[in-house]
Each structure stands twice: as structure tokens, then as C-alpha cells.
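Have a look at the structure below before the remarks.
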Amino acid sequence: MLKLYDTLTRKKKEFIPIDKKNNIVRMYTCGPTVYNFAHIGNMRAYIFMDNLRKVLKYNGYKLEHVMNITDVGHMTSDADEGEDKMEKSARLQNRSVYEIAQEYTKLFMEDISSLNIQIPEYVQKATDNIPEMESYVKGLVDKGFAYETSKGIYYDTSKLSSYGELSKANLEEQRSGARVEVDIEKKNPLDFALWIKSPKEHIMKWDSKWGECYPGWHIECSAISKKFLGDVFDIHTGGVDHIPIHHENEIAQAKGLTGKNPANFWMHVEFLLINSGKMSKSLGNVYTLKDLTKKGIEPLAYRYFTYTSHYRNKLNFTWEAINSAQISLNRLIDACSAHKNEKNNVPKEIVESLDKKFLNAINDDINMPAAMAVVWEVAKEKNKSNDYYNLLKKFDKVLSLNIDRVQDVNKKVVENELSEDIKEILEMRKIARQNKDFSTSDKLRDSLKEKGYNVVDSKNGQNIEKV
RNA sequence: GGCGACAUAGCCAAGUGGUAAGGCACGAGUCUGCAAAACUCUGAUUCGUCGGUUCAAAUCCGACUGUCGCCUCCA
């Protein structure tokens, strides 16, 4: 039985899809706002999304999964004040918003691909769904949940008694002290923009019933999910930071239009901390996957690292911890290959019980740390057998760590690609070693190291690799 | 100021009533001329502190201390 935690009810519930008959799971993920580089904290959320996908598939479900790409309307403040993030980034970089969107979308796709994250069935840009958003807004106005001001169309939060149910916080009290300029045209301080009347200088704008406008941030997710998944779907995922405003507003929009909570499960990924604190530009600790690569950490080692903690707990990133993840991953790959093509007999019951143990872990609200304990139990099994290798490969359908691969391919240096002086040193060292002149041998090893090469002695002679 | 979360070995961390998973590091050993790598073995009588409930608590309740987050951009 698959159990998932639902933020709205604050409970782990058994997961049963709406379309049980066809075994289809419909889910929605809040995707990136493509105005800047995605960092490793962002990536934690998408790794989780992917693990959830793969656990569902592991359980035999088919997926209809939508992720949006926000390329318009996400303001620099959630109070819908300030500048559009996309346009701000374009202005700062002196490029067009479309160039910005295209470039950061491309980089995002490269990042998720390097992490073995599957692309959802539908990836939808906000700007490709403008008509759907406009009619959504019209619908809300018709139902009396929205009103017009000189700045745009706003959602009337006072019309929805359950507003604030997701964050369970007294939003009124929280906001009263917030440093947000009061818009006197708004009926309630919490009312949020659905459709914004475009100032002249705003680049991305569309003709509509209310003149040239552009959409508010929250409406895109409601419109896109409704279009592709229907009024009510199974799972909605995102980061915990979306709970208080973005997802609260999505629920409000859907309840206004359809009268229903749009998702049966709301799942939220906790934050990644850096050295026990927040990731922030001012501290200079916002890392991207490329920053990790520069330090010899491959993207999949970062994926492994996220498995050391449960997705609903904060995870503390330290260089010591990420390095340990890289070492662990390397050893796991070696342990897996040690089982490959070995013929030792393994009782069927043992394989089945390990298989079940792994399934229980992932089906318990995607408990990856518990699942990894099972993975290691199999990997370290002394009785080497292809049965265990196959089991590990099966687990990797969820893990997506490519544990069935050959190590260090990139590090190996082809002999004839070496420069003459390196070859000469190697030859001298070979002779010294034949003569048991180890002090010369060690000196030559040091000099190779200075030139950026590691030489390792084995039964077959000297192996050289780039540092 | 208001709200919320968390506190388990050097590090990253599972475990939410029945007697402390897993990984890394450290240490010891095997191997090696040495080193590196690999492999084997090893670590908490105890889960921030103090009380309480219970036959039984890391797990429930209370207080305290500490850390972090949100309320402002964020996955």
C-alpha cells in the first residue's frame, strides 16, 4: 500500500488515484521561473518530483504529469508589487525577455537531464496558455470571486471562508505588520492579482476584455492544470515556500471557479540548508550543479545526497556531506558490478524479502533514506550473485543513479595521448622499480603529481590517471 | 513583534510507545617496497536539559535551552 503525506490534512493517507480503473495518476508540479540559474536547492524539489513519479510507476501506475515553466507574471513580490521577474532579469542583462526565458529554460532542462530526471508528459510555458488564463479570470469574475480595480482584476479573498486552510496560519495577523504598501483599491489586504493591466513599459502583454494585460503568477498553474488534468486531479507538488501564498491562492482560484479543491494530495519538499543556514546570495552560498562539478562532484552524487534525508525534513548541505555522497555512490557502483555475472545461488525468499523491504520503504511516503539502507544491504551481500545485481538494477528504476556502469572512464588516460616528457618519466620510473630503487621511484611519482598526474602501481604495472 | 518547525555518534541522517537503520569520516587489519585504491572489522547502555504519564519513551505531555525557517524574493 502506497501512503503519501498530504499537507492540507497534515496526514499520511493511502494513495488511490481518481482514475483507478485505468491506473492513471494525474499530477501537477510547479516548475521554475526561468529568470536565472537554478541552484541545487531548486533541484532538490525536482529530484523529489522525479522520485515520486518513479515510485508511482514502480507501483504500476501510468502518469499524466504537467509541469509549468513560468515565463511571465511572477512578480518580485508575492504581494504582486514590484517588477515582473522576467522583465527585471531581461533589463539587467540587457536582453529580451524571450531570450532570457529560452536560455534559462534550456539550462534548466540540461540540469534536470544530468540528474536523470524524466521530463513530465506535459511541459507548459505560461505564455502558451494565455487564453485559458483569461477565461479562467472571466469565470471568477462571473462567479463573483473577482473584481476590477484600476490596476487589474483581483481575487476577493473575503468570498472564500476557507481561505488560508493550507498554511493554517492567521494570514490576516501576519500580513498586518508586513512591509507591503497598502493598495487602497483592494477590498482586503490579502486579495491578490489575477490579471494585471499592463503599464506601457511592460513588454509581455496581451489584448483582453480589460485591455492590454498580463497574468498574475498564480493563475497560470490553475489554468494549466485545469486544461490538462481537469478540475480535480491526484497530486500537486512544489516547495514548502509555496504553501502560504502560491498554493493557497491556487486552491482559492479553483474553489472559486469549480467549488472544489483541485488536488487530493498536496506534497511539499522542505528546503535545503547550507551549513545549517539559509542559502542566500548575500552569503555567497548559492550553488549550482556546475559549482559542484567544478569540485569533482557529479550531478548524480548530488541526487544520492538528497537520499540521505526524507523530503519533508530540511537537509543540511556541507562539503563534507556532499563529498561523502560522491564516495558512497562510487562504492555503490563498484558493489553493484561485483554482483554482475556471478552465479552463486540465492534462495528466492531472500530476494523477495529484500524486494519487499525496498518497496515498503518507498511506499511509506517516499522514504528514500530507509530505501537506501535496503540498497546497501543488497549491495554488501557477501554471496555475490546476478540475482542481487538484477535486484539493484530494479531498485535503480526509482533511484536513477545509474549504478550499473563502469567507473572512472573519464579519468583514464590513453597512453599515446601523453606528452613525451611524461612518457619519459614513466619509463624511468619503470626501470627504477625494476631495480628496486624505490627512492628514485617515489621522487618520480612526486614529479608526476606536480604535473597533474597520479600514478598507481598494480600487478600489471603503472597506471596513470589525471588528477 | 507574530507564526511554525527541528534538536539522535566527528559529519549527513532513518526510526514516532517495545528496547538505537544506513552512508561518510576516524581507528585497526588484509593487500602493497611504500603510498593510493579496494576489502574486512570497529562506534551511541543512549537519542538537547529537567520533570511527568506508562510495565515499557528517542518516540506521548509540560517546562527550559538552543538552532533554523516563514511573515519580504525563494524549490
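Side chains included, hydrogens not; waters and symmetry mates left out as well; all remaining heavy atoms used. Just so it is clear: chains get the letters A, B, ... in the order the sequence lines come, proteins before strands, and each one is counted from 1.
- The only member of A/Phe37, A/Tyr302, A/Phe305, A/Trp319 that meets ring pair (Phe, Tyr, Trp, His ring centres under 6.0 Å) when paired with A/Tyr287 is A/Trp319.
- Looking at heavy-atom distances under 4.0 Å, A/Glu377 makes no contact with the nucleic acid at all.
- One interatomic measurement links the two molecules: CG of A/Leu115 to C1' of B/rA75, which rounds to 13 Å at whole-angstrom precision.
- Rounded to the nearest Å, the gap between the P atom of B/rC68 and that of B/rC12 is 14 Å.
- Aromatic ring centroids of A/Tyr214 and A/His202 lie under 6.0 Å apart.
- Within 4.0 Å of A/Gly41, counting heavy atoms only, lies at least one base atom of the nucleic acid.
- Whole-Å rounding puts the A/Trp376 CH2 to B/rG22 C1' distance at 9 Å.
- If you check every strand for non-hydrogen atoms under 4.0 Å, A/Leu315 touches sugar and phosphate atoms only.
- Per the geometry, OH belonging to A/Tyr307 stands 17 Å off P belonging to B/rC24, to the nearest Å.
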Once each nucleotide of nucleotides 29-43 of chain B is scored for protein heavy atoms under 4.0 Å, what B/S/- sequence comes out, 5' to 3'? ----BBBB-S--S--
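- Ring centers of A/His247 and A/His236: under 6.0 Å apart, within the cut-off.
- A/Tyr388 and A/His339 have their aromatic ring centers within a separation under 6.0 angstrom.
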Could you run down nucleotides 14-19 of chain B 5' to 3' and tag each one B, S or - for protein heavy-atom contact under 4.0 Å? SS----
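- Taking the ring centroids of A/His218 and A/Trp195, they lie at or beyond the 6.0 Å cut-off.
- In this structure, B/rC70 and B/rG2 make a Watson-Crick or G-U wobble pair, each of the two defining distances being under 3.5 angstrom.
- When only modelled atom types and interatomic distance are considered, A/Asn51 and A/Tyr307 share a side-chain donor-acceptor pair under 3.5 Å.
- Side chain to side chain, A/Asn367 and A/Tyr311 fail the donor-acceptor criterion of an N or O pair below 3.5 Å.
- If you check every strand for non-hydrogen atoms under 4.0 Å, A/Phe317 touches nothing.
- At B/rC70, one or more side-chain N or O atoms of A/Lys278 fall inside 4.0 Å of OP1 or OP2 (strictly under the cut-off).
- B/rA58 sits 4 Å from B/rC47 when the C1' atoms are compared, rounded to a whole Å.
- Rounding to whole angstrom units, CD1 of residue A/Ile297 and C1' of B/rC24 are separated by 12 Å.
- Within the shown strands, B/rC50 is the pairing partner of B/rG62 under the Watson-Crick or G-U definition, both distances less than 3.5 Å.
- As the counterpart of B/rU40, B/rA28 is assigned, both hydrogen-bonding distances of the Watson-Crick or G-U wobble pattern falling under 3.5 Å.
- Candidate nucleotides B/rC70, B/rC12, B/rA75 were compared by shortest atom distance to the side chain of A/Ala45, and B/rA75 ranks first.
- Of the N and O atoms on the side chains of A/Asn188 and A/Asp191, at least one donor lies less than 3.5 Å from an acceptor on the other residue.
- For B/rC11 and B/rG17, the C1' atoms lie 30 Å apart once the distance is rounded to whole Å.
- With both ends at atom P, the span from B/rG2 to B/rA20 equals 42 Å, rounded to whole Å.
- B/rG22 sits 11 Å from B/rG15 when the C1' atoms are compared, rounded to a whole Å.
- Nucleotides B/rC39 and B/rC26 are separated by 14 Å at their P atoms, to the nearest Å.
- Whole-Å rounding puts the A/Met86 CE to B/rC73 C1' distance at 15 Å.
- As rounded to whole Å, 14 Å separates atom P of B/rG23 from atom CG of A/Leu329.
- Nearest-nucleotide positions on RNA chain B for A/Met43 and A/Ser324 put A/Ser324 closer to the 5' end.
- The nucleotide B/rA21 finds no pairing partner, because no Watson-Crick or G-U wobble arrangement with both distances shorter than 3.5 Å includes it.
- There is no side-chain donor-acceptor pair under 3.5 Å between A/Glu298 and A/Thr293.
- Taking the six-membered ring for Trp and the full ring otherwise, A/Phe228 and A/Phe233 have centroids separated by 6.0 Å or more.
- The separation of B/rA36 from B/rU30, taken at their C1' atoms, amounts to 15 Å, rounded to a whole angstrom.
- The separation of B/rG48 from B/rA7, taken at their P atoms, amounts to 8 Å, rounded to a whole angstrom.
- In this structure, A/Lys13 satisfies the cation-pi test against A/Phe265, with its NZ or CZ atom closer than 6.0 Å to the six-membered ring centre and inside 45 degrees of the ring normal.
- If you take CZ of A/Phe271 and P of B/rC73, they are 13 Å apart, rounded to a whole angstrom.
- The separation between A/Phe358 atom CZ and B/rA21 atom C1' is 15 Å, rounded to whole Å.
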